[in-house]
Amino acid sequence: MSALSNSNWSRRSLFRAAAGMAAAGSLAACGGNNGRSGGAGSGVDLTQYFHAYGEPGTEQAIKKYAKAYDKANVTTQWITSADFESKLFATLLTKNAPDLFEFHPQIQMIKSGQVADLTDIIDPVKSDFNPADIKSHTVDGKIYGVRMIDDPQFFFYRKSMLEKAKVQVPTTLDELMEAAAKLTTGKVKGLYMGDDLHSVINPMIWSAGADTLNEKNEIAYHTPGVIEGIKKMRKLFTSGHLLLGAPTASWDPSSLNQGLCAIQFCGMWAMPGIQKALGDDWGVFPFPKTVDSGKQSVYNGGWSMFVNAKGKNVDAAKEYVKWLWIDQKQYQEDWATSYGFHIPPRTSIAQSATKLKSGNAAEGVRLFNEFGHFDNIGWTQAMITSLEDVFANSVRKDMDPEAALDKADAAVNRELKKLFG
Amino acid sequence: MSTTTTRDLAHPAPAKASPAKPRRGLRGSPTFNFWLFTGPFLIGLAIFVYAPILWSIWLSFFEARFTVTPDKFIGFENYTYMLTNDDFVGSLVTFTVFAAFIVPTTWALSLSLALLVNRLRFMRAFFRSVFFLPTACSYVAAALIWKMSIFSGVRFGLMNTVLAWFGIDNIAWLVDPNPPWYWLVIVTARLWLQSGFYMILFLAALQNIPGELYEAAAIDGAKPGWQTFRHITLPQLRATSTAVILLLLIAAYQAFDEFFNLLSKTTWGRPPLVELYYKALGESQDYGAGSAGAVILTVLICAVTLLQGKFMGFGRGDESK
């Protein structure tokens with residue numbers, strides 16, 4: 001007779017125990033933070049996705065806002081940045097898709113019916129929003145997302161290092177390359193733009209006097225200026241003056257703060273962290289002119305809140321978006337200026353945000369207004385990837401820029417044809 | 001003669017012939033028991049393996065962008081797109097280079113480790129565990145350790161620290177593809193992760209080789225060492241070697257985690273699965289093209305596996321005896 005038979009566990013009791021555990025598991029799942037549990041207020045449950053912001057306190061802030069809302073139980077999923085896009089896109093195809101999520105305006109999401117029309121909640125306050133933000137979220141007269149923050153991106157530099165090396169703030173790409181060479185010493189590299197250089201692709205194109213797409217949604221990046229710019233970037237990449245293989249990505253200011261480089265491309269969100277680490281020993285400047293005919297540029301990135309059009313509670317989700325990102329101005333200012341620095345897309349809030357009125361923050365706002373380029377809703381993820389491949393192939397791998405751009409043209413045109421016919 | 005003995009003689013198999021307690025319903029049926037125990041797994045297999053495969057094949061014939069329930073049939077367009085796509089074809093070349101590196105090196109290293117551990121008289125279990133432990137580590141964790149600590153491109157990376165002792169400048173191991181140092185990082189990470197597992201397979205096979213063979217060889221004058229290894233050990237390990245090479249090749253085809261984490265967003269060093277993820281699934285959400293690529297890859301893996309099995313005589317050993 002087996003040991004099992006000798007024990008008090010009969011087959012029947014084993015089955016009973018297994019069934020009990022399964023039931024207990026189901027009940028336990030109900031109590032988890034899965035966004036589907038019994039909610040407060042009206043009993044409506046909403047789930048929202050956020051990518052993991054690097055600044056301390058941001059996750060708690062988002063949860064605090066959600067908790068303050070009494071018409072639905074809003075839960076938050078805070079997703080590691082690198083996984084955010086893939087997780088969001090994959091989940092949007094399932095029944096577990098979030099009711100709300102932050103992302104950038106992209107037309108394919110509208111064409112495929114993934115995001116809801118928010119015109120009715122934005123229209124009454126439309127005039128208080130940055131017009132460029134409204135434009136970048138509008139398709140056929142309908143507005144598909146509420147901008148939460150604007151994030152200008154530029155170069156941050158160590159004033160003392162530039163003074164010591166007798167380097168002026170660069171205004172052209174050639175000057176930037178010369179500065180990087182002079183600022184490179186034994187332990188410090190002159191410049192850091194991220195290992196993949198993705199953050200500077202659009203700024204380089206704009207600084208060459210070109211654009212991603214033109215008004216007719218045709219390719220506008222394939223110009224002699226951009227080709228010249230790519231060749232210069234290749235020269236910079238192989239110069240030995242670029243910080244490569246840094247422990248953190250370019251969106252994190254640690255490389256500049258820790259003295260690994262003298263100049264770093266980053267976003268305005270990093271300002272409080274840099275101020276804390278370096279005091280006043282830093283400044284900002286826009287992406288320099290790529291070619292003589294170009295103009296300095298700043299990428300005005302940012303994040304917007306979208307409502308999942310295929311969600312179970314579209315109206316409740318829209319109501320929450322209206323409450324938080326349109327009505328609650330104190331939360332919007334808190335979100336934009338209490339953690340990292342961002343520019344509030346609402347003109348009234350931007351004008352009253354005292355933290356953005358002085359020092360480098362004010363300079364960041366000036367660069368945003370003077371040199372800024374906003375998201376183009378027609379420039380989709382597949383097109384973004386195509387130009388990332390151009391940089392990978394030509395700047396990092398030495399492929400002929402013309403050939404790399406031709407290859408990108410084929411991919412972008414395929415995408416444009418599918419989107420616009 | 002006792003009653004018991006008489007009954008035994010009359011009924012040689014009493015337990016089977018006289019059911020003192022008749023079994024109830026289906027519980028005694030072997031068929032019922034078979035389905036009871038295999039049913040849940042078969043259902044799981046059908047739902048989580050076969051249904052997605054069939055769905056993927058179905059999707060590959062549709063324009064399936066941003067949806068997995070498409071309605072626009074486009075025939076073989078996705079297949080044409082993937083087969084004429086330089087990057088997808090290039091990923092097969094990457095795989096070939098990777099397999100050419102990783103299959104023989106892992107085979108040789110795991111066999112060497114097995115031979116070493118097998119010879120140990122003391123602490124064999126300890127060393128067996130030490131070499132096997134990396135198998136328990138996830139590929140993602142190992143990739144991050146390799147990337148952040150050992151092969152970090154800055155001065156405090158372990159390898160760059162060692163190079164600095166010899167006056168050599170920092171190397172951006174994973175950023176600059178010229179020269180392609182990234183292969184060193186990828187191959188060493190995978191060697192560390194999987195050699196221990198295959199060592200265990202070889203160890204088991206080594207312990208199954210009859211000692212009499214070595215004794216007979218010694219009587220016939222065979223010298224221990226290379227000669228014995230070449231003419232006895234290696235041929236006796238043929239079946240295991242074939243299985244190991246087959247598993248290594250399939251694992252190489254399925255490589256994703258360390259490539260994805262070590263070489264994020266490059267256009268080089270992309271094995272087929274990473275290429276499919278970037279180009280067709282992932283952020284681009286072209287599930288039709290992605291599925292077509294997956295089907296092509298599956299057919300390719302099946303073909304290579306069958307050819308390899310045929311070439312190396314996998315499973316033919318017993319029949320030929």
Side-chain angles (χ1 to χ4, degrees), chain A residues 11 82 84-90 92-94 106 108-109 111-114 186-189 194-198 237-238 240 242-249 255 258 260-261 310 380-386 388-394 396-399 404 407 410-411 414-415 418-419, chain B residues 27 36 40 63-70 72 81 84-87 90 140 144 147-149 151-157 159-160 164 169-178 180-182 185 260-261 263-270 277-289:
Chain A
R11 278 176 295 178
F84 180 72
E85 288 166 8
S86 49
K87 180 164 185 182
L88 172 67
F89 287 142
L92 281 175
L93 298 171
T94 70
Q106 293 197 347
Q108 88 275 0
M109 303 185 92
K111 296 253 180 187
S112 57
Q114 285 180 326
K187 290 187 173 180
V188 181
K189 290 286 185 183
D195 288 341
D196 53 25
L197 308 172
H198 290 174
F237 186 78
T238 53
L242 212 54
L243 176 62
L244 298 172
T248 51
S255 292
Q258 292 171 2
L260 290 174
C261 62
K310 295 172 184 170
T380 65
Q381 204 64 41
M383 300 181 201
I384 291 169
T385 304
S386 298
E388 287 173 354
D389 287 354
V390 169
F391 260 59
N393 287 332
S394 293
R396 295 172 67 189
K397 210 183 171 189
D398 203 21
M399 184 180 180
K407 193 177 168 190
R414 180 175 182 260
E415 186 76 0
K418 289 189 174 182
L419 288 170
Chain B
R27 290 176 65 187
L36 180 68
E63 165 84 47
R65 288 164 58 81
F66 320 109
T67 178
V68 287
T69 51
K72 190 179 171 190
Y81 169 65
T84 54
N85 185 310
D86 290 351
D87 296 324
V140 176
L144 291 177
K147 184 178 184 175
M148 309 292 283
S149 302
F151 290 99
S152 164
V154 288
R155 62 179 182 270
F156 35 78
M159 289 299 284
N160 279 343
D169 273 349
N170 291 343
I171 293 177
W173 301 95
L174 291 162
V175 181
D176 191 348
N178 297 316
W181 286 115
Y182 61 89
V185 185
F260 186 77
N261 286 287
L263 297 173
S264 55
K265 307 263 178 147
T266 59
T267 50
W268 53 88
R270 283 186 185 179
Y277 176 80
Y278 277 128
K279 282 288 173 201
L281 304 169
E283 295 162 9
S284 298
Q285 293 194 84
D286 192 342
Y287 298 95

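So that the names make sense, note that chain A is the first sequence line, chain B the second, and so on, each numbered from 1.
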Problem set entry | Region of B:Asn178 that comes under 4.5 Å of a non-hydrogen atom in chain A | side chain
Exercise. What distance do A:Leu242 atom CG and B:Asp176 atom CG have between them, rounded to the nearest 0.5 Å?
Worked result: 10.0 Å
Exercise. Taking all atoms of both residues into account, what is the closest heavy-atom pair of A:Pro247 and B:Phe156, and its distance?
Worked result: CG-CE1, 3.8 Å
For this session: Find out whether B:Val68 and A:Thr94 are in side-chain contact, i.e. whether some heavy atom of one side chain is under 4.5 Å from a heavy atom of the other.
Result: no
For this session: Would you please name every residue forming a side-chain contact (heavy atoms from CB on, under 4.5 Å) with A:Thr238, sequence neighbours left out?
Result: A:Arg234
For this session: Tell me, for A:Lys189 versus chain B, whether the close heavy atoms (under 4.5 Å) come from the side chain, the backbone, both or neither.
Result: neither
Seminar exercise, completed: CD (A:Gln108) and CD (B:Gln285) are apart, to the nearest 0.5 Å, by 7.0 Å
Problem set entry | A:Asp195 CG to B:Thr266 OG1 distance, which is reported to the nearest 0.5 Å | 11.5 Å
For this session: Can you tell which part of B:Tyr81 gets under 4.5 Å to a heavy atom of chain A, answering side chain, backbone, both or neither?
Result: side chain
Exercise. Where do A:Thr385 and B:Lys265 land on the side-chain contact (heavy atoms from CB on, under 4.5 Å) test, with the steps shown first?
Worked result: CA-CA 9 Å; A:Thr385 304; B:Lys265 307 263 178 147; 5.7 Å; no
For this session: Could you have a look at A:Leu88, A:Leu244, A:Thr380 and say which one has the most heavy-atom pairs with chain B under 4.5 angstrom?
Result: A:Leu244
Exercise. Would a 4.5 Å heavy-atom cut-off, applied to side chains only, mark A:Ser112 and B:Thr67 as touching?
Worked result: no
For this session: Could you grab the distance from atom OH of B:Tyr278 to atom CD of A:Glu388, nearest 0.5 Å is fine?
Result: 9.0 Å
Exercise. Of the non-hydrogen atoms in A:Gly245 and B:Ser152, which two are nearest, and what is the gap between them?
Worked result: O-OG, 3.8 Å
Seminar exercise, completed: In this structure, CZ of A:Arg396 is separated from CH2 of B:Trp268 (nearest 0.5 Å) by 4.0 Å
Exercise. How many angstroms lie between CG in B:Asp286 and CD in A:Gln381, if you round to the nearest 0.5 Å?
Worked result: 13.5 Å
Problem set entry | Partner set under side chain to side chain donor-acceptor pair (under 3.5 Å) for A:Ser394, not counting sequence neighbours | none
Seminar exercise, completed: For B:Tyr287 and A:Ala90, the nearest pair of non-hydrogen atoms, with its separation, is OH-CA, 4.3 Å
Exercise. With respect to chain B, which residue among A:Lys111, A:Glu415, A:Arg414 yields the maximal number of heavy-atom pairs within a distance under 4.5 Å?
Worked result: A:Arg414
Exercise. In terms of heavy-atom pairs under 4.5 Å, which option from A:Ile384, A:Asp389, A:Asp398 contacts chain B the most?
Worked result: A:Asp389
Exercise. With respect to chain A, which residue among B:Asn170, B:Asp87, B:Leu174 yields the maximal number of heavy-atom pairs within a distance under 4.5 Å?
Worked result: B:Asp87
Exercise. Side chain, backbone, both or neither: which part of A:Phe237 has a non-hydrogen atom closer than 4.5 Å to chain B?
Worked result: side chain
